[in-house]
Amino acid sequence: MNLRERDSKFVWHPFTQQKNMIESIVISSAKGSYLYDENGNAYLDAISSWWVNIHGHSHPYIAQKIHEQASQLEHIIFAGFTHEPAVTLAERLVNILPGNFSKTFYSDDGSTSTEVAIKMAIQYWWNVQSTVGGQQSTGRKRLLAFKNSYHGDTFGSMSVSDRSVFTLAFHELLLDVIFIDTPNESNFESIKREISKHGNEIAAFIYEPLIQGAGGMKMYDPVLMDELLLFIKQKNIVCIADEVMTGFGRTGKLFASEYLQTKPDIICLSKGLTGGTMALGVTACTENIYNAFVNDDGKKTFFHGHSFTANPIACSAANANLDLFEQNNVMQNVQFISDRNIAFAQQLRQLNGIKNVRCLGSILAFEIEQGEDVYLNSVSAVLTKKGLDKGVYIRPLGNTVYIMPPYCITNEELDIIYSVLLDLI
Ligand SMILES: *Cc1c(COP(=O)(O)O)cnc(C)c1O
């Protein structure tokens with residue numbers, strides 16, 4: 001059996017209906033913006049391999065740091081022990097994160113980073129209220145989230161994600177979440193009324209700042225979002241920014257929360273955190289949140305952790321990622337992609353058959369006017385296949401086509417991506 005056949009026989013792929021599945025493409029290597037398959041075909045990775053890769057594939061500097069760390073200390077239990085890569089990373093993150101963050105909690109990926117944030121926020125209220133009342137309180141347990149959001153696939157993170165085909169089988173098992181629309185001029189007052197109705201039952205509000213990724217690259221107004229955040233903060237609701245996708249330059253600033261005046265109490269990071277090389281999640285919080293857990297009462301401990309919490313190799317990769325931001329003009333590359341995307345968007349807006357052309361930082365998105373605006377729209381698979389045949393890897397979300405390239409992408413490589421997109425339309 002060749003590799004493709006062994007894959008079909010033994011492997012179950014994510015987000016993939018295995019029945020009548022098209023055989024997976026075997027990727028043998030990747031370098032910069034390119035993926036190479038077993039037959040030597042090259043594909044431009046226009047979506048940074050599910051939004052994680054930011055400096056290009058197989059980056060020599062990150063690879064070297066991973067190698068060095070793996071040869072020195074590959075892993076160690078993180079309770080009762082610590083290590084330099086984790087401490088250094090925590091310190092560096094606290095210094096650059098958008099807000100008054102003081103502590104960094106490690107986990108494994110984006111879903112666990114939001115799962116941890118949700119548990120932290122709920123237990124924060126449990127800890128605080130049991131102090132005040134002298135007994136266990138049933139106070140704030142509900143959560144607030146945006147419709148159309150995506151925060152991950154574990155139970156807590158799935159609960160605060162939009163109810164969709166992703167969550168269908170689990171609906172009656174999910175946490176109690178109030179969903180609101182992203183703010184616009186016409187719904188703003190009714191959103192505020194909805195929140196006011198439940199104000200002191202809500203433990204936390206979780207949001208993807210400025211752009212909802214898996215929900216279809218939907219962008220919303222930062223000015224109204226700022227007003228909304230301020231309103232929510234006044235109700236003492238813990239604000240959780242899910243920057244798993246937007247973090248590390250994606251939107252044109254190091255973090256999307258930098259576009260907003262009101263800063264979160266908790267922030268979630270993954271994807272670009274290690275330059276897209278290793279699985280690692282971070283949930284950072286303010287001193288106020290953290291202090292609610294520091295207590296003589298052992299029951300107020302945060303009882304959460306993973307076998308691989310703060311894996312030294314992953315932390316080293318993340319430190320190498322931050323080195324690259326410090327040493328190279330990474331944000332200038334993002335600006336360059338952003339400028340080119342904006343110019344290309346103007347061109348796209350002249351065309352028939354597509355709508356809602358929009359840009360933010362290195363992200364460009366639009367909808368194909370064919371079928372419904374839903375994830376299961378079959379146009380996605382068709383476009384992915386056609387793109388691959390032309391040497392460009394895109395993976396539309398239903399009929400929403402987007403690009404989100406690694407920041408190392410060149411002028412010529414962008415030309416290729418744009419011309420393939422025009423062909424596909
Ligand atoms: C991808 C993503 C997640 C989930 O991260 P995983 O590493 O895939 O578990 C959570 N939130 C946002 C905004 C994401 O884009």
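Just so you know, ligand 1 is whichever comes first in the structure, and atom 1 is the first atom listed for that ligand.
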Can you give each donor-acceptor pair under 3.5 Å made by side-chain atoms of residues 282-290, sequence neighbours left out, with the distance rounded to 0.1 Å?
{"unit_1": "T283", "atom_1": "OG1", "unit_2": "S113", "atom_2": "O", "d": "2.8"}
{"unit_1": "T286", "atom_1": "OG1", "unit_2": "I289", "atom_2": "N", "d": "3.4"}
{"unit_1": "E287", "atom_1": "OE1", "unit_2": "S102", "atom_2": "OG", "d": "2.6"}
{"unit_1": "N288", "atom_1": "ND2", "unit_2": "Y124", "atom_2": "OH", "d": "3.4"}

Any side-chain to backbone donor/acceptor pair from S270 onto L280? Under 3.5 Å, distance only.
yes

Can you give the donor-acceptor pairs under 3.5 Å from side chains of residues 27-34 to other protein atoms, not counting sequence neighbours?
{"unit_1": "S28", "atom_1": "OG", "unit_2": "E38", "atom_2": "N", "d": "3.3"}
{"unit_1": "K31", "atom_1": "NZ", "unit_2": "S58", "atom_2": "O", "d": "3.1"}
{"unit_1": "S33", "atom_1": "OG", "unit_2": "E413", "atom_2": "OE1", "d": "3.0"}

Taking all non-hydrogen atoms of both residues into account, name the closest pair between F105 and V116 and its distance.
CD2-CG1, 3.7 Å

Stacked cation flag K235 on F231, 6.0 angstrom / 45 deg
yes

For ligand 1, list the protein residues that place a heavy atom within a distance below 4.0 Å of one of its atoms, sorted by chain and number.
W51, D109, G110, S111, Y150, H151, G152, E208, D242, V244, M245, K271

Could you work out, with side-chain contact (heavy atoms from CB on, under 4.5 Å) as the rule, every residue matching N399, not counting sequence neighbours?
E367, I368, D373, N377, V379

